[in-house]
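Written out below as structure tokens is the structure these notes cover.
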Protein chains: 2
Amino acid sequence: MPRTAERLDEKIRARNIRIILDVATEVFSRKGFDGTRIAEIAELSKLPKANIYYYFSSKQEIYSTIIAHLIAGWDDALSKLRADRDPADALRDYVRAKLEYTRGNPRESRLFASEIIQGARFLSESDRAHMRAATDKYVAVLDQWMQEGRMVTINARHFFIMLWGATQFYSDFEPLACDALHRKTISAEDYHVAAETIVNSIVGGVIPSCSTDKLL
Amino acid sequence: MPRTAERLDEKIRARNIRIILDVATEVFSRKGFDGTRIAEIAELSKLPKANIYYYFSSKQEIYSTIIAHLIAGWDDALSKLRADRDPADALRDYVRAKLEYTRGNPRESRLFASEIIQGARFLSESDRAHMRAATDKYVAVLDQWMQEGRMVTINARHFFIMLWGATQFYSDFEPLACDALHRKTISAEDYHVAAETIVNSIVGGVIPSCSTDKLL
DNA sequence: ATGTAACCTGACCAAGTCGTCAATTTTTAG
DNA sequence: CTAAAAATTGACGACTTGGTCAGGTTACAT
């Protein structure tokens, strides 16, 4: 049955792979690559350890699969930044989209952060090139806004780093965010206020309507 | 020799403990608690593994010692924020001090980030309470500035999170920062531009001199 | 010199690590 | 049904883990 049986074959296969990757994402995001034991993934998956190795040939293959998969999810928020849009609107949508993504995918976000902290050992060169290209593309959008006088002249690359860092914080460093906000958990409303605060602070300082170019 | 020999005894002791903690900080910051093997700490320390256990009774004791030690280093940057200062000056000094600290202590910064990502399992309640209190204290300073009309009304807690996230990024996620900036390493000059960019963006949006309160 | 406290360390242990494999059970196509 | 493909699994091996310990060496006060 090489062809016709694909549907149900894939159902069992797909289901188990999904469960394994789902659980592995959680564990890897908490323990990092070296700290993760596949026995723990097996337990939480309710599968015997050997069954994990039926679907994946090694711990690194599981890890790399997850990394490759989540890279694909990063571009959406950045797509809000188009040169023909109003800078303030575009940046507001970007910050909101970025926070929305990190809120909806905290484990993926944390796993990525963990991978970077550990030296980006398993982030492929093509993935990094992809991210560099994406950054360059949107840096160009900001630079165009600056040339058109629609935005204060700043270093666009550092500006992106600032936005990235500010938005990542809520899921990656959730315990700290909870402490800072006096919360047990970060609610959707908190994410909303976060977006408002970031946007009100940053956009107000970036948009030339208040001409703070030479404030310092 | 219970008293008189303390100097040289302490020299050997202090030196080895320093080396161990120094190496352990690097390894822990890269691998996290679970991923770190004390055999690796021993190798990099050029000490036999058993000698590590002569000075520390367990892996967790080494880890907790480092955590407790670095908590003490956080307050300095925040001390720049005093209510009687000019908000713009104070925030600028704060951002600079924070970036300077993270630049000079990247391993500690990374280790702390790693600990938080992994769920803050070894961050003591007293340490967390200390950090909460420090946040509250400086949130009050910002709130006072807002009441006095010296600062736009925003959520001070989210504002601190934004600053924290933006400044941590350069050391914690150095590979990403390098990619974004097209650098092999982040130089002192890059840190300087980072501070300028953050300050120019944020202060400009926060200081009411440009009255952007109702921009959105 | 000598005694003693501090320091050092090779060898060891029980438990856990990743990954393998042969044997079995389940699923599916025809 | 049957046969084969897919999925499952307990047991296992080679190695590594955190941690121990007995017996050694070094440093120093007297």
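Each chain gets a letter, A, B and so on, in the order its sequence line appears, and its residues count up from 1. All of these numbers come straight from a predicted model, not from anything done at the bench.
- Nearest approach of Thr197(A) to Phe159(B), heavy atoms of both residues: CG2-N, 3.8 Å.
- Residue Gln118(B) comes nearest to Gly32(B) through the heavy atom pair NE2-CA, 3.2 Å, listed as atom of the first residue, atom of the second, then distance.
- The two residues Phe173(B) and Ile116(A) have their closest heavy-atom pair at CA-CG2, 3.6 Å.
- Contacts of Tyr55(B) with the nucleic acid, taken as non-hydrogen atoms under 4.0 Å apart, involve only primed sugar atoms and P, OP1 or OP2.
- Listed by chain and number, the residues in a side chain to side chain contact (heavy atoms under 4.5 Å, CB included) with Glu174(A) are Cys178(A), Ile186(A) (sequence neighbours excluded).
- Across residues 45-53 of chain B, Lys49(B), Ala50(B), Tyr53(B) each have a non-hydrogen atom less than 4.0 Å from an atom of DNA chain D (numbered order).
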Point to revise | Worked verdict on Tyr55(A) versus Leu47(A) for side chain to side chain contact (heavy atoms under 4.5 Å, CB included) | key: CA-CA 11 Å; Tyr55(A) 289 106; Leu47(A) 291 172; 5.6 Å; no
Review point. How does DNA chain D look in dot-bracket form if you count Watson-Crick and G-U pairs under 3.5 Å, write [ ] for pairs that cross, and put | where a base pairs with another strand?
Key: ||||||||||||||||||||||||||||||
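- The separation between Ile19(B) atom CD1 and dC7(C) atom C1' is 14 Å, rounded to whole Å.
- Straight-line distance from the CZ atom of Phe56(B) to the P atom of dT20(D): 15 Å, rounded to whole Å.
- The Ser58(A) side chain lies nearest to dG19(C) when the options are dG19(C), dA7(D), dC8(C).
- One can place CD1 of Ile20(A) at 15 Å from C1' of dC18(C), the figure rounded to the nearest angstrom.
- Interatomic distance, CG of Asn200(A) versus OG1 of Thr153(B), reported as 10.0 Å (0.5 Å rounding).
- When rounded to the nearest whole Å, the span between CD1 of Ile12(A) and P of dA5(D) equals 16 Å.
- In this structure, His158(B) has its ring center at least 6.0 angstrom away from the ring center of Tyr191(A).
- For the pair Arg13(B) CZ and dT26(D) C1', the computed distance is 16 Å after rounding to whole Å.
- Here the P atom of nucleotide dT20(D) and the OH atom of Tyr54(B) are 15 Å apart, to the nearest Å.
- Atom P of nucleotide dT26(C) and atom NZ of Lys11(A) are separated by 20 Å, given to the nearest angstrom.
- In this structure, CD of Glu40(B) is placed 15 Å from C1' of dG18(D), rounded to the nearest angstrom.
- Pairing each heavy atom of Lys59(A) with each of Asp34(A), the nearest pair is NZ-O, 3.9 Å.
- Nearest heavy-atom pair across Ser29(B) and Arg110(B) is OG-NH2, 3.0 Å.
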